[in-house]
> 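Pasting a structure below so you can have a look.
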Amino acid sequence: MIDLSAIQSAHLRLQGQVLNTPFSHSRTLSDMLGAEVWLKFENLQFTASFKERGALNRMLNLDAIERARGVIAVSAGNHAQGVAYHAQRMGIPAVIVMPRFTPTVKVANTRRFGAEVVLAGDTFDDAKAHGYVLAQERGLTMIHPYDDPYVIAGQGTIALEMLEARPDLDTLVVPIGGGGMISGIAVAAKAIKPDIEIVGVQTERFPSMYEATRGLTLPYGQYTIAEGIAVKSPGQLTQEIVARHVSRIELVSEGDIEHAIVVLLEIEKTVVEGAGAAGLAAMLRDQAQGDACFRGKRVGLVLTGGNIDPLMLGELIERGMVRAGRLARIRVDLRDLPGALAHATAVIADAHANITEVHHQRAFTALPVRNVEVDFVLQTRGPEHIVEVIERLNAVGFAASNHDH
């Protein structure tokens, strides 16, 4: 069984080898959400994720023969990097099995830590099956990403650090994939403070722990921006612990997660991946729906990781600017005459909006001939400013409308 003493032992073992990451009060998020919000920055670990805690704790419990033979892990993400990095530090040979279509940057990062990377299978389940075959053939020890007592205990050290810094917390909000982190956190937190509320968060597209604990069968998606918690089958150990200790599990949408990533970037100046933003996504969704589950509470949020593709981050920022009304696309109908476009741009300039793109459409339009549709992409101050620009265009005879969505 995993108990508080196992997690305290893990904490002692890990000291000086993983960061006791910052745990900071967010005044702005607290004001926005009507709760006292504290953020645990696990995205600042060396491999930018909490996963190294559990991986290292498991490897520190290997005997001499197991260390000499080496370890194996199946992962396309943060667990792979955590295992590879600490195996290299400890001089333990490491094999990481990844699905064949894993992004090259993740493969390169894992190889950089000295691990042997084996690409096998089209899906994670195929890779996992191959991993167990390799472990058997080579006598390697499998480092499971979540369903292992030592891994769970390692992840639970996050709760010890949070409650040592803020003993008055009454709610912890934790993303769930396979359930290793929330299990460790729940065991530690409930032992220290039995009345503390543990809230799990999953994405609507991969609600595995949510359905397992409720006895439901729900549809799954093909993809989620929160790939770190895209787990189809939760662990057996973790499922039992979650059922016993977790107060409730909330589901969030892709849009909720996107919004939370941009909010953390804009307000906290911190980069998190989709899974890392899930906790804040649940709080923002709760507030938007008018619920008051978190209102007035002292909440600890775990920002679990920061490994997000920079190109995806760029897209999310742009989409976030659209949602906030800071980036808008307006459509203007013009007579196809010299100077008409210049007149329209002058009106937009006078309204102090900045034009970033112009799309001029003659053929693909239902307008009469000698008329054109022009889409302007504008940088604006907000929704009221967009309305002002459109009103100014309409006032001088241009038919203008908002085409953001």
> So, are Glu116 and Arg138 salt-bridged, with charged N and O less than 4.0 Å apart?
yes

> Could you tell me whether the side chain of Gln239 reaches within less than 4.5 Å of the side chain of Met209, counting heavy atoms only?
yes

> In terms of side-chain geometry, is the basic nitrogen of Glu42 or Arg53 positioned less than 4.0 Å from the acidic oxygen of its partner?
yes

> Return the minimal non-hydrogen interatomic distance between Leu39 and Ser26, and the atom names on each side.
CD1-CB, 4.1 Å

> If the condition is salt bridge (charged side-chain N to carboxylate O under 4.0 Å, His left out), which residues does Arg100 pass it with, not counting sequence neighbours?
Asp122

> Answer with yes or no after comparing the ring centroid distance for Tyr146 and His144 against a 6.0 Å cut-off, counting only values under it.
yes

> Below 4.0 angstrom, N of the basic side chain to O of the carboxylate: do Arg319 and Glu315 qualify?
no

> What pair of heavy atoms forms the shortest contact from Arg89 to Gln17, and how long is it?
NH2-OE1, 2.9 Å

> Which heavy atom of Pro145 sits nearest a heavy atom of Val74, and at what distance?
CG-O, 4.5 Å

> Please determine whether a side-chain nitrogen of the Lys or Arg among Glu197 and Arg298 lies less than 4.0 Å from a carboxylate oxygen of the Asp or Glu.
no

> If only side-chain N and O atoms count, and only distance matters, is there a donor-acceptor pair under 3.5 Å linking His359 with Glu357?
yes

> Less than 4.5 Å apart, side chain to side chain, heavy atoms only: is that true for Phe23 and Arg166?
yes

